[in-house]
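All residue numbers refer to positions in the sequence shown, counting from 1.
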Amino acid sequence: MEDKRNIQIIEWEHLDKKKFYVFGVCMTMAIRVSVYPFTLIRTRLQVQKGKSLYNGTFDAFVKILRSEGLAGFYRGFLVNTFTLISGQCYVTTYELTRKYVSGYSSNNTVKSLVAGGSASLVAQSITVPIDVISQHLMMQRKGESMGRFRIRVAERKQTLAFGQTKDIIVQICKADGLRGFYRGYIASLLTYIPNSAVWWPFYHFYAEQLSRLSPNDCPHLLLQAISGPLAAATASTITNPMDVIRARVQVEGKSSIIGTFKQLMAEEGPWGLTKGLSARIISATPSTIVIVVGYETLKKISLRPELVDSRHW
């Protein structure tokens, strides 16, 4: 008799692809709307010098709300929605790579590690130019900018969101050329490939451990919802130092990862590498729950009809 505590992984070949992509885009958009304010806060905390503007996540939240209103939390959001494309590329690469690696290894940790890293490589190649633009928009505070580029005040009242985006794009092109849109690309790869490669194995590891400790009839989705944030906190802690450097390289226009690291250590010491970590974990916890529940539910409702009754949820 099948042990109901064993969490079965839904693989690529089990899915109805049409349902998977249609529902996937809707789910991804909903998640981005919910977590974007914390992404903005994290980026501002990482870029500021010391505690020159904000004393922490909560302080940043209060100050942004008071000075910029709710709209301040969504600076650069419309541009960031283009990363929906990279999101779909990510899940497709992840699932296809798992399928490919399964021909060489049945070890789930190996499949998750390789697939997670490969998916992040593909996604970041699409995402970095969008991130560079949206991060510069995030840095536009009321009346001033925390970054290198500033939206012209005379035009601000007349321009819509995409008008501001065009302004930033023109300034990046003038300052750095096309290469400017891939500033921090290597730093992004060094941040997100390890983060993704670590998250998936830890996610499955925590889910397996929890399933062994839980009652036989415990819903798998509950265990997965708990495992996601645990994996996210683990991955965020491991990769946050590189994330701080990535944010500074992209926003401040630096060209050297090592030089940025040395400057950060000289100015703020080892604690500088933890900047934005609490905001990252705070944003990752609810967002990961939503992502995990959404993604696992998405896979279940996208399951081919003949396989539905063969799974215990």
Peer 1: Rounded at 0.5 Å granularity, tell me how far OH in Y90 sits from OG in S118.
Peer 2: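 The OH atom of Y90 sits 10.0 Å away from the OG atom of S118.
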
Peer 1: Cluster partners of V122, using ILVMFWY side-chain heavy atoms under 4.5 angstrom, listed by chain and number?
Peer 2: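 Hydrophobic cluster check, V122: no partners found.
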
Peer 1: Does any part of the side chain of R183, heavy atoms only, come nearer than 4.5 Å to the side chain of V249, both counted from C-beta?
Peer 2: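 A side-chain contact exists here, since the closest heavy-atom pair is under 4.5 Å.
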
Peer 1: Apply ring pair (Phe, Tyr, Trp, His ring centres under 6.0 Å) to F77 and list each qualifying residue two or more places apart in sequence or on a separate chain.
Peer 2: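 Ring pair (Phe, Tyr, Trp, His ring centres under 6.0 Å) list for F77, sorted by chain: Y36, Y74.
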
Peer 1: Would you indicate whether the side-chain heavy atoms of T239 and V198 approach each other to under 4.5 Å?
Peer 2: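 No, their side chains stay 4.5 Å or more apart.
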
Peer 1: Check this for me: does any side-chain nitrogen of one of K275 and E267 sit under 4.0 Å from a carboxylate oxygen of the other?
Peer 2: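 Looking at K275 and E267, the cut-off is not met.
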
Peer 1: Can you tell me how far the CD1 atom of I282 sits from the OG1 atom of T57, to the nearest 0.5 Å?
Peer 2: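 Atom-to-atom, I282:CD1 and T57:OG1 are 4.5 Å apart.
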
Peer 1: Fit a plane to each ring of F20 and Y295, take the angle between them on a 0 to 90° scale, and name the class: parallel (under 30°), tilted (30 to 60°) or perpendicular (over 60°).
Peer 2: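 Ring orientation of F20 relative to Y295: perpendicular.
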
Peer 1: Linking directly or through intermediates, with side-chain heavy atoms under 4.5 Å: list the remaining ILVMFWY members grouped with W271, chain and number order.
Peer 2: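 None, because no other hydrophobic side chain comes under 4.5 Å of this residue.
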
Peer 1: Applying salt bridge (Lys or Arg N to Asp or Glu O under 4.0 Å), can you list everything that pairs with D59, at least two apart in sequence or on another chain?
Peer 2: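 Partners of D59 by the salt bridge (Lys or Arg N to Asp or Glu O under 4.0 Å) criterion, ordered by chain and then number, come out as K63.
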
Peer 1: Establish, yes or no, whether a centroid distance under 6.0 Å links the rings of F61 and Y54.
Peer 2: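 Not close enough - the centres of the two rings lie 6.0 Å or further apart.
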
Peer 1: Between CZ of R280 and CG of N195, what distance do you get to the nearest 0.5 Å?
Peer 2: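 That separation rounds to 5.0 Å.
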
Peer 1: Mind checking whether I245 and Q263 have side chains closer than 4.5 Å, heavy atoms only?
Peer 2: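 In short, these two side chains do not touch, never coming nearer than 4.5 Å.
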
Peer 1: Would you give the length of the straight line joining atom CG of L15 to atom CD1 of I10, rounded to the nearest 0.5 angstrom?
Peer 2: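 One finds 6.5 Å between CG of L15 and CD1 of I10.
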
Peer 1: If we only count heavy atoms from C-beta on, is the T81 to R32 side-chain gap below 4.5 Å?
Peer 2: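 No, side chains not in contact.
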
Peer 1: For F205, what residues pass the ring pair (Phe, Tyr, Trp, His ring centres under 6.0 Å) criterion, not counting sequence neighbours?
Peer 2: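 With sequence neighbours excluded, F205 shows a ring pair (Phe, Tyr, Trp, His ring centres under 6.0 Å) to no residue whatsoever.
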
Peer 1: Using only heavy-atom distances, determine whether the side chains of S196 and S120 contain a donor-acceptor pair under 3.5 Å.
Peer 2: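 Judged by distance alone, the side chains do not pair up.
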
Peer 1: Cut-off 3.5 Å, side chains only: do Y206 and T234 have a donor facing an acceptor?
Peer 2: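 Side-chain D/A pair, Y206 to T234: present.
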
Peer 1: Is there a side-chain contact between I257 and M242 in this structure, where contact means two heavy atoms from C-beta onward sitting under 4.5 Å apart?
Peer 2: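 Yes. Closest side-chain heavy atoms under 4.5 Å.
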
Peer 1: In the hydrophobic clustering (ILVMFWY, side-chain contacts below 4.5 Å, transitive), which residues join L277, or is it alone?
Peer 2: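 I281, all in the cluster of L277.
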
Peer 1: For residues 22-29, tabulate all N or O donor-acceptor pairs below 3.5 Å that involve a side-chain atom, not counting sequence neighbours.
Peer 2:
{"residue": "T28", "atom": "OG1", "partner": "G24", "partner atom": "O", "Å": "2.8"}

Peer 1: Quick one: ring pair (Phe, Tyr, Trp, His ring centres under 6.0 Å) partners of Y185, sequence neighbours excluded?
Peer 2: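 Y185: ring pair (Phe, Tyr, Trp, His ring centres under 6.0 Å) contacts with Y182.
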
Peer 1: Can you tell me how far the OG atom of S211 sits from the CG atom of N216, to the nearest 0.5 Å?
Peer 2: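 S211 OG to N216 CG: 10.0 Å, rounded to 0.5 Å.
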
Peer 1: Listed by chain and number, what are the ring pair (Phe, Tyr, Trp, His ring centres under 6.0 Å) partners of Y203, not counting sequence neighbours?
Peer 2: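 Once residues adjacent in sequence are excluded, the partners of Y203 under the ring pair (Phe, Tyr, Trp, His ring centres under 6.0 Å) criterion are W199.
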
Peer 1: According to the salt bridge (Lys or Arg N to Asp or Glu O under 4.0 Å) rule, which pairs have a member within residues 17-31, sequence neighbours left out?
Peer 2: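 The answer is none; no pair qualifies.
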
Peer 1: Just jot down the salt bridge (Lys or Arg N to Asp or Glu O under 4.0 Å) partners of E208, sequence neighbours excluded, or say none.
Peer 2: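 If we apply the salt bridge (Lys or Arg N to Asp or Glu O under 4.0 Å) test to E208, skipping adjacent residues, there are no hits.
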
Peer 1: Once you round to the nearest 0.5 Å, how far does CG of L84 lie from CZ of F82?
Peer 2: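 That separation rounds to 9.5 Å.
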
Peer 1: With sequence neighbours excluded, tell me which residues meet salt bridge (Lys or Arg N to Asp or Glu O under 4.0 Å) with R98.
Peer 2: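 Testing R98 for salt bridge (Lys or Arg N to Asp or Glu O under 4.0 Å), a comparison that skips the adjacent residues, returns E11.
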
